[in-house]
2 protein chains.
Amino acid sequence: MGEAGAAARRGQVGARGRIDKRQAILDAALTVFAREGYAQAGMDVVAAEAGVAKATVYNHFHDKENLLRQTIAALSDQVLAENLGVVGRLADQGEDLRDLLEDVGLRLLRCYCADQSWALRRLLSAEIVQFPDLLDIVHGRAADPVTEALADRLARLTVAGRLSTRDPLMAAEQFCSLLTGPMDKRARLGTRQVPDDELRAVARAAVDTFLQAFAAKPARNG
Amino acid sequence: MGEAGAAARRGQVGARGRIDKRQAILDAALTVFAREGYAQAGMDVVAAEAGVAKATVYNHFHDKENLLRQTIAALSDQVLAENLGVVGRLADQGEDLRDLLEDVGLRLLRCYCADQSWALRRLLSAEIVQFPDLLDIVHGRAADPVTEALADRLARLTVAGRLSTRDPLMAAEQFCSLLTGPMDKRARLGTRQVPDDELRAVARAAVDTFLQAFAAKPARNG
DNA sequence: AAACAGCTAGACGCATGGGTCTAGTTTGAC
DNA sequence: GTCAAACTAGACCCATGCGTCTAGCTGTTT
C-alpha cells in the first residue's frame, strides 16, 4: 500500500484500529473540504485522506451532501464544547474582573482562530445559499448556546454588582463582536496564523472598551 | 430570441444598447456566482443571464477565474464608494454627536446588509483558500480604506474635543465590529432581510457602547 | 467450518461543465 | 458600398467527478 492519508497517520493505525473508520472519514472530510472547498473536493480524495476505500465512505454517509452535513454537525458540537468550557470560567467569583475577562477573551479568541473554526465558518459561508439549513445546524448547536451561556454569566455578574448590563444578551453579543471583529482582518479569513501576543492585544482592547461601557457604576443620570 | 437574462432586462435594452456588454456580464456573473457559488456556476448560465453568447464572455474575460477576479474587483470599488460616502458625513461638525454617529452607523449597516455586500463576503470566504489574492483585492480596494477613513474622522473628532480615542484605528475597528458583529446572526449570512428598525436598534446599541467608551472625558485616574 | 458483514481496489456509466471552433449575422467606421 | 471587428447560436472535445458495481479479502459469530 503506497500511502495512507494524513488523518489515518495522525489517528489510529487504520488497518489494525478496528472501529473509528467513521471518525476518520469525518476528520478527512473536514480537512479536504477546508483545503479545496466543498464543491471542488472529490470523494476519492476524502477517501484517500481517510485511508479508506471510496465505497466505505458511501456506506457510512449516503452521499456527498450528507457527508457535508454530518461533518459540519460534528464540528459544531466540538466547537460548542470548547467555547462552553471557556465561558464557564466566568463562574470564578474571586479573581479580578478585568483579568478574568481578558483571560476568557483570550481563550475565546484562540478558539475563534483555530483552523477548524475558520474552516467551519468558510464552509458555512460558501454553501449557505445552496444548503440554508446548515446555518440552523451551526447556530443551533454552537453559536447560539455560547452567546446564551455568556449572557447568563454576564447577568450573574450584574446581579453580583460587578457589572452593569441592562440587556445581558446584547452585552454578550457586543463582547463577542469586540473580540472577533478586529480578528477577521488580522487573520485574513484564517489564512494567516495570528501570533499570541496579537491575540492578547485584541482581547485587552476589547475588554477595555467593554468595561468602560459595562463596568458597575454607582449611579447614572440619563 | 426566446428570453433575455435578468441583468439585460434590468440594464440597457441589450440588443439596441451598444456598449455595456462587459458591464452586463459583470453584473450577471455576480448574480450567478452569488446564487449558485463560484464552483457550481456555469459559464453558460452567466452568458444567458447577461443576455450574451458564451463566446462573448470569453472575449472579454479570458477564463472563469479572471471573470471572478474582475467581478470581485468591480464590486469592491462600488462598495468602497458607498462606504466612503457614508463615512464622509462625519465631517459635519454641527450636529449632535450621538445623532450623527447613529446616522452613520445606520447607513453603514445598510451598506453591510445589501445583497451585493453579502454576496461579496460569501464569495470571498468560499474562494479565499483557492485564490488567496482575492483578499488583497477586497481589503485593499474596500475594507482597509474605509477603516482608515473612519479612523481619520475619529481622530479629527478627538482633536476637536468631542471624542477621546487613544488609538483611532482601533476605535474605528471596534466601532465597525459593534455594528457588524450583531448583524451576522440577524441577517443569517445574508439569507434573511433585516427590517430597518432592527438595523436602527443595533446601530443605537453600538453607538451607546461606543460613546460610553470613547466619549470625551474631562479627566481620568487609572 | 460456514455464513456473514464490512472493507478494499479498481473499473465503469453518465452527467456536468470549461473552453474552443465554425459559420453566419450585425454594427460601426470610412 | 465595403471592410473589419464584434457578436450569436450551437455543436464539439475533453477532463473531472459522483455514485455504482464487481470480485475478492478479512475478521467475527455461531
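Each chain gets a letter, A, B and so on, in the order its sequence line appears, and its residues count up from 1.
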Worksheet entry | B:Q78 and B:Q116: side chain donor to acceptor below 3.5 Å | yes
Fill in: Min side-chain heavy-atom separation B:M183-B:C113 under 4.5 Å
yes
Provide a list of protein-nucleic acid N or O atom pairs under 3.5 angstrom, restricted to nucleotides 23-25 of chain C.
none

Worksheet, complete the sentence: Per side chain to side chain contact (heavy atoms under 4.5 Å, CB included), A:F61 is matched among A:L26, A:L68, A:T56, A:V46 by A:L26
Worksheet item: Of all residues at least two apart in sequence or in a different chain, which pass the ring-ring contact (aromatic ring centres under 6.0 Å, His included) check with A:Y58?
Response: none
Worksheet item: Hey, does A:N59 have a side-chain heavy atom less than 4.5 Å from the side chain of A:K21?
Response: no
Worksheet item: Just the dot-bracket of DNA chain D, please: which string comes out with Watson-Crick or G-U pairs under 3.5 Å, [ ] for crossing, | for another strand?
Response: ||||||||||||||||||||||||||||||
Worksheet item: From B:F131 CZ over to B:L123 CG, what is the distance, rounded to the nearest 0.5 angstrom?
Response: 11.0 Å
Fill in: Shortest side-chain distance from A:D63, nucleotide among D:dC7, C:dT8, D:dG19
D:dG19
Worksheet item: Rounding to a whole Å, what distance do you find between B:K64:NZ and D:dA15:P?
Response: 18 Å
Worksheet item: Taking only side-chain nitrogens and oxygens of A:T56, does any of them come within less than 4.0 Å of OP1 or OP2 of C:dG6?
Response: no
Worksheet item: Distance check: side-chain N/O of A:H60 vs OP1/OP2 of C:dC7, anything under 4.0 Å?
Response: yes
Worksheet entry | Integer-rounded Å distance: D:dA5 P and B:R22 CZ | 20 Å
Discussion item. I want to check a possible cation-pi pair here: A:K64 against A:Y38, using under 6.0 Å from ring centre and within 45° of the ring axis as the test.
Written reply: yes
Discussion item. Looking at A:R188, is its backbone amide N or carbonyl O close enough to the side chain of A:T191 to form a donor-acceptor pair, meaning the two atoms are under 3.5 Å apart?
Written reply: yes
Practice prompt. Write down the distance between CG (A:N59) and P (C:dT8), rounded to a whole number of angstrom.
Written response: 10 Å
Worksheet, complete the sentence: The ring-ring contact (aromatic ring centres under 6.0 Å, His included) partners of B:F175 (sequence neighbours excluded) come to B:F210
Discussion item. Any side-chain N or O of A:K21 below 4.0 angstrom from OP1/OP2 of C:dT8?
Written reply: yes
Fill in: Crowding at CZ, A:R153 (>12 non-hydrogen neighbours, <6.0 Å)
yes
Worksheet item: Is there a residue in residues 34-45 of chain B whose heavy atoms reach under 4.0 Å of DNA chain D, and which residues are they?
Response: none
Response to the item:
Atom CD1 of B:I25 and atom P of D:dC7 are separated, to the nearest Å, by 8 Å
Check nucleotides 20-24 of chain D for protein N or O atoms closer than 3.5 Å to its own N or O atoms and list the pairs.
none

Worksheet item: With a distance cut-off below 6.0 Å to the six-membered ring centre and an angular limit of 45° from the axis, does B:R121 pair with B:Y112 as a cation-pi contact?
Response: yes
Worksheet item: Quick one: does A:I137's side chain get under 4.5 Å of A:L134's, heavy atoms only?
Response: yes
Worksheet item: When you look at CZ of A:R156, are more than 12 heavy atoms from neighbouring residues, nucleotides or ligands closer to it than 6.0 Å?
Response: no
